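Notes to accompany the following structure.
Hydrogens, waters and symmetry mates are skipped; everything else that's a heavy atom, side chains included, is used. Here the structure is a predicted model, which means the values were calculated and not measured. Residue numbering restarts at 1 for every chain, and letters A, B, ... go by the order of the sequence lines.
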Amino acid sequence: MRMGRCGWGIFWTVAAGCYAAATVAAAWHAPADAAQGPIQKIFYLHFPVAISALLACAAVFAAAVGYLIARDAWWDDLLAAAAKVAVLLCSVVLLTGMIWARSAWNTWWTWSPRLTFSLVLWLLYVVLLVVRASIDSAQRRRLVSAVYGVAAFIDVPLVYVSSRLLPDIHPASISLGAPAMKLALGAFFAAMLLLTGGLIILGRKVEYLRRTAGSAGTGDAQALNPELARRTS
Amino acid sequence: MSGTGYAILAYAVATVLLWGYALRLWREHGRFARRR
């Protein structure tokens, strides 16, 4: 499906409306948690962003496998877009978690298994972007990124199971009593899935446009012929 | 800072980062689309 500027405008309006509605539901509709008070409301945002970050990492993995099988630049564009979104979402997860920890644990950071594996995950995808930027040859960059993208995914299940299998101060799960709490969490899940999907799809398009516009001499031809651009390394 | 203050800070940081990146991407997409 192709979306023009107008289509993307409508999409971002819907996503922003969903995000705003979720924020209102979390801030005013959901009651304050009896044990934690207002800082528990960070969880409505933190948890969906964390799941979205893992999905973005899974998208990098899928794109890496797709490139290794098809050797098509389309997959590399997807890998680059998903890796940037993974870094962004991991950054938001770490920052919101640190703010919550400062209030709940009276410290910004502690080396618990979940937090450590999350920081490693962020570092892995930052390094992926740095490595991509440092390789000039397009063919080599795509191959190295794909192999690295597959290897980096190993940390994703570790993040997920760490607080369940190892002694960890990070909560493994949180129970939500009131229906308004579940509504706020569900609204943020919807908003974050829309936002994550939109950022990856639009990001892939921008990566493709940047690649084809940046090819000296053949740029215009590639921009006019997407199939040519996909096949040209 | 109170618990409400930390909650507002967390939402502000997340909103600026997430939507700042979305806006930047959308503008970049528009710039490439106009060039074509």
Side-chain angles (χ1 to χ4, degrees), chain A residues 3-5 8-9 11-12 15-16 19-20 23 26-27 32-33 36-46 49 52 81 84-85 87-89 91-93 95-104 188 191-192 195-196 198-200 202-203 205-210 212-213 219-220 223-224, chain B:
Chain A
M3 278 214 290
R5 281 280 284 170
W8 278 111
F11 176 85
W12 290 123
Y19 188 92
T23 305
D33 183 69
Q36 291 191 41
I39 58 156
Q40 182 268 346
K41 288 175 188 271
I42 296 174
F43 165 79
Y44 302 127
L45 176 66
H46 178 77
V49 175
S52 301
K84 288 173 185 172
V85 174
V87 169
L88 171 75
L89 295 175
S91 304
V92 173
V93 171
L95 288 170
T96 54
M98 284 167 72
I99 293 167
W100 180 84
R102 179 70 183 86
S103 182
F188 260 115
M192 283 314 303
L195 186 60
T196 305
L199 289 177
I200 292 176
L202 185 63
K205 183 97 183 285
V206 169
E207 292 293 332
Y208 159 74
L209 289 168
R210 188 183 293 135
T212 53
D220 289 340
L224 292 170
Chain B
M1 199 189 289
S2 67
T4 305
Y6 281 113
I8 291 170
L9 177 65
Y11 274 82
V13 167
T15 304
V16 166
L17 285 176
L18 293 172
W19 291 98
Y21 183 71
L23 187 65
R24 182 185 159 278
L25 208 56
W26 192 42
R27 286 175 67 173
E28 198 173 356
H29 176 247
R31 208 164 43 242
F32 278 119
R34 272 196 301 278
R35 203 179 291 175
R36 293 173 71 181

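When each of W12(A), Y19(A), Y44(A) is checked for heavy-atom pairs under 4.5 Å with chain B, Y19(A) comes out on top. Between chain A and the options L23(B), I8(B), L9(B), heavy-atom pairs under 4.5 Å are most frequent for L9(B). Comparing I99(A), L45(A), V93(A) by how many heavy-atom pairs each has under 4.5 Å with chain B, the most go to I99(A).
Looking at heavy atoms from C-beta onward, L88(A) lies in side-chain contact with L17(B) at the 4.5 angstrom threshold. Counting only heavy atoms from C-beta outward, the side chains of M192(A) and L18(B) approach each other to under 4.5 Å.
Considering only residues two or more places apart in sequence or on other chains, W100(A) meets the side-chain hydrogen bond (donor to acceptor under 3.5 Å, both in side chains) condition with Q36(A). Applying the side-chain hydrogen bond (donor to acceptor under 3.5 Å, both in side chains) rule to K84(A) yields the partners E207(A); only residues at least two apart in sequence or on another chain are considered.
Contacts of T15(B) with chain A are made by both backbone and side-chain atoms, with heavy-atom separations under 4.5 Å. Residue F188(A) touches chain B through its side chain alone, counting heavy-atom pairs closer than 4.5 Å. A27(A) does not touch chain B: none of its heavy atoms, backbone or side chain, sits under 4.5 Å away.
Taking all atoms of both residues into account, the shortest heavy-atom contact from V92(A) to A14(B) is CG1-CB, 3.6 Å. Here the closest heavy-atom approach between residue Y11(B) and residue K41(A) is recorded as OH-O, 2.5 Å. Of all heavy-atom pairs spanning P38(A) and T4(B), the tightest one is CG-OG1, 3.5 Å. Nearest heavy atoms, L199(A) versus L25(B): O-CD2, 3.4 Å.
Proximity of a side-chain donor or acceptor of Y6(B) to a complementary backbone N or O of A104(A) within less than 3.5 Å is not detected.
Partner of Y21(B) under the side chain to side chain contact (heavy atoms under 4.5 Å, CB included) criterion, out of V85(A), V87(A), L195(A): V85(A) alone.
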